[in-house]
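Working notes, structure below.
Please read all numbers here as calculations on a predicted model, not as lab measurements.
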Amino acid sequence: MINRELRNISLMEDIKKLKLITAVKTPYLPDGRFDLEAYDKLVHYQIEHGVEGVIVGGTTGEGQLMGWDEHIMLISHTVNYFGEMIKVIGNTGSNSTGEAMHATEQGFAVGMHAALHINPYYGKTSHDGLLLHFQSVLSMGPAVIYNVPARTGQDIPPSVIEKLKDLPNFCGVKECVGNDRIKSYTEHGIVVWSGNDDQCHDARWDFGARGVISVVSNLIPGLMHDLMIKGKNKKLNEKLLPLIEWLFAEPNPIGLNTALAQLGVVRPVFRLPYAPLNLRKRQEFVGLVEDIGREHFVGTNDVQVLSDEDFLVLQRY
């Protein structure tokens with residue numbers, strides 16, 4: 001067996017063990033470029049509080065607003081600075097199979113440990129097309145398949161996953177359909193991560209999920225580590241649900257971007273089409289931080305409401 005195949009097998013086994021993966025936020029400078037200093041501090045917070053992997057340039061990280069040169073650069077930067085401390089999973093999926101393969105090739109060339117692949121969106125395809133698409137991208141290296149019909153407009157059905165599960169580079173599924181689907185997969189020996197923060201506690205402890213690929217862990221990585229690692233804890237889960245509900249009151253990553261700015265972890269800079277939450281929601285967040293405890297959140301600054309004028313919303317970047 002060639003060295004590349006041996007390396008892929010080792011990486012796959014490592015990826016399959018991860019219980020807490022953060023879909024990490026990408027911060028911006030006022031001119032729209034990446035704020036790598038803020039990004040590095042955010043990733044450090046994740047590592048220090050027990051997060052085991054990061055998704056780079058996913059929906060939460062606004063990969064959809066990046067050019068591929070930015071995208072691959074951020075994956076490379078993350079690998080170079082943190083690749084020995086945390087598993088780096090690059091979102092190199094696309095609705096174009098050719099584009100996904102090219103980006104995935106580049107991602108592995110700069111050292112990412114695995115890829116995240118979504119099903120083709122908007123220009124949806126048939127189930128046969130889904131199968132061929134995933135077979136193509138899986139040929140390139142370890143990958144997690146991401147099913148989020150609310151965003152893509154198309155479910156990846158179990159019949160497709162069943163045909164992919166024995167392929168050499170298939171690591172598992174990030175599943176957003178719900179815990180019944182998760183239970184079905186785990187009963188068939190498929191590694192699956194919950195893609196829903198509000199369901200992940202039950203997914204992990206009652207339905208067999210390996211863990212979660214989380215948005216809220218950007219904010220409270222230590223508490224999410226406890227939720228995924230330290231055993232069933234319904235009290236903690238219930239304590240966090242109001243924050244999670246607030247976070248997803250508008251489409252992700254609007255709430256997260258607003259919250260991290262209020263915590264002083266990132267600059268209050270948005271790339272359109274995303275815009276900050278309104279003043280009432282920003283005030284609500286201050287109360288949620290106080291209820292949970294500022295010490296559990298990333299950063300060291302006091303949480304602030306911020307005024308509308310504090311935010312910079314960029315049309316071009």
Side-chain angles (χ1 to χ4, degrees), residues 20-30 35 37-39 41-46 48-51 54-55 58-62 65 150 194-201 212-228 233 235-314:
L20 178 58
I21 302 168
T22 295
V24 68
K25 153 72 177 165
T26 306
Y28 303 115
L29 296 167
D35 186 345
E37 182 178 356
Y39 178 82
K41 288 181 180 178
L42 182 57
V43 176
H44 270 300
Y45 284 130
Q46 305 302 305
E48 289 170 0
H49 291 89
V51 173
V54 288
I55 304 290
T59 306
T60 304
E62 300 179 18
L65 305 186
S194 174
N196 299 327
D197 281 308
D198 61 338
Q199 298 178 344
C200 70
H201 172 270
V212 64
I213 297 178
S214 175
V215 176
V216 73
S217 57
N218 279 277
L219 299 173
I220 48 168
L223 293 180
M224 289 304 291
H225 174 270
D226 291 350
L227 203 66
M228 290 294 101
N233 189 336
K235 185 176 180 180
L236 176 58
N237 186 55
E238 290 171 1
K239 183 178 181 179
L240 300 182
L241 285 177
L243 172 64
I244 295 169
E245 181 180 358
W246 178 92
L247 196 62
F248 293 96
E250 297 288 353
N252 180 50
I254 294 168
L256 177 65
N257 293 354
T258 305
L260 287 170
Q262 290 187 244
L263 292 166
V265 175
V266 306
R267 299 170 193 257
V269 179
F270 281 66
R271 285 182 172 186
L272 280 175
Y274 299 120
L277 291 177
N278 62 37
L279 179 60
R280 180 178 61 82
K281 298 300 289 184
R282 299 197 297 268
Q283 291 169 337
E284 286 178 7
F285 180 68
V286 172
L288 288 166
V289 173
E290 292 173 351
D291 289 343
I292 293 172
R294 176 63 184 91
E295 70 274 13
H296 296 298
F297 286 77
V298 295
T300 56
N301 295 348
D302 291 338
V303 62
Q304 299 182 41
V305 173
L306 297 180
S307 69
D308 291 343
E309 291 72 26
D310 289 324
F311 290 94
L312 179 61
V313 181
L314 302 174

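- Listed by chain and number, the residues in a side chain to side chain contact (heavy atoms under 4.5 Å, CB included) with Glu245 amount to none (sequence neighbours excluded).
- Applying the side chain to side chain contact (heavy atoms under 4.5 Å, CB included) test to Gln304 and every residue at least two apart in sequence or in another chain returns Leu306.
- Listed by chain and number, the residues in a side-chain hydrogen bond (donor to acceptor under 3.5 Å, both in side chains) with Thr59 amount to none (sequence neighbours excluded).
- Applying the side chain to side chain contact (heavy atoms under 4.5 Å, CB included) rule to Pro30 yields the partners Arg267, Leu312; only residues at least two apart in sequence or on another chain are considered.
- At least one donor-acceptor pair under 3.5 Å links the side chain of Asn218 to the backbone N or O of Ala23.
- Listed by chain and number, the residues in a side chain to side chain contact (heavy atoms under 4.5 Å, CB included) with Asp198 are Asn196, Leu241, Ile244 (sequence neighbours excluded).
- Looking only at distances, no side-chain donor or acceptor of Asp35 sits under 3.5 Å from a matching main-chain atom of Pro27.
- In this view, Asp310 and Ser307 satisfy the side-chain hydrogen bond (donor to acceptor under 3.5 Å, both in side chains) rule, not counting sequence neighbours.
- Residue pairs that meet the salt bridge (charged side-chain N to carboxylate O under 4.0 Å, His left out) test with at least one member in residues 20-30, sequence neighbours left out, are Lys25-Glu62.
- Looking at Thr258, its side chain does come within 3.5 Å of a backbone N or O of Leu277 through a donor-acceptor pair.
- Taking Glu284 as the reference, Arg280, Lys281 meet the salt bridge (charged side-chain N to carboxylate O under 4.0 Å, His left out) condition, with sequence neighbours excluded.
- Residues that satisfy the ring pair (Phe, Tyr, Trp, His ring centres under 6.0 Å) test with Phe248, not counting sequence neighbours, are absent from this structure.
- Residues passing the side-chain hydrogen bond (donor to acceptor under 3.5 Å, both in side chains) test with Lys239: none are found, sequence neighbours excluded.
- For Tyr28, the ring pair (Phe, Tyr, Trp, His ring centres under 6.0 Å) criterion is met by no residue, not counting sequence neighbours.
- Applying the side-chain contact (heavy atoms from CB on, under 4.5 Å) test between Arg271 and each of Val313, Leu65, Asn257, Thr26 identifies Leu65 as the sole match.
- In this structure, Val216 and Leu243 have side chains that are in contact, with non-hydrogen atoms separated by less than 4.5 Å.
- Contact between Leu29 and Leu314 at its shortest, heavy atoms only, is O-CD1, 4.3 Å.
- Contact record, Tyr45 with Thr300: OH-N, 4.1 Å, taken as the closest heavy-atom pair.
- The minimum heavy-atom distance between Leu236 and Leu223, with the atom names listed, is CD2-O, 3.8 Å.
- Side chain of Thr22 to backbone of Val24: no donor-acceptor contact under 3.5 angstrom is found.
- The two atoms that bring Cys200 and Val212 nearest to each other are CB-CG2, 3.5 Å, heavy atoms only.
- Among residue pairs with one or both ends in residues 289-308, those qualifying as salt bridge (charged side-chain N to carboxylate O under 4.0 Å, His left out) are Arg282-Asp308; sequence neighbours excluded.
- A donor-acceptor distance shorter than 3.5 angstrom exists from the side chain of His201 to the backbone of Asn233, with no hydrogens or angles considered.
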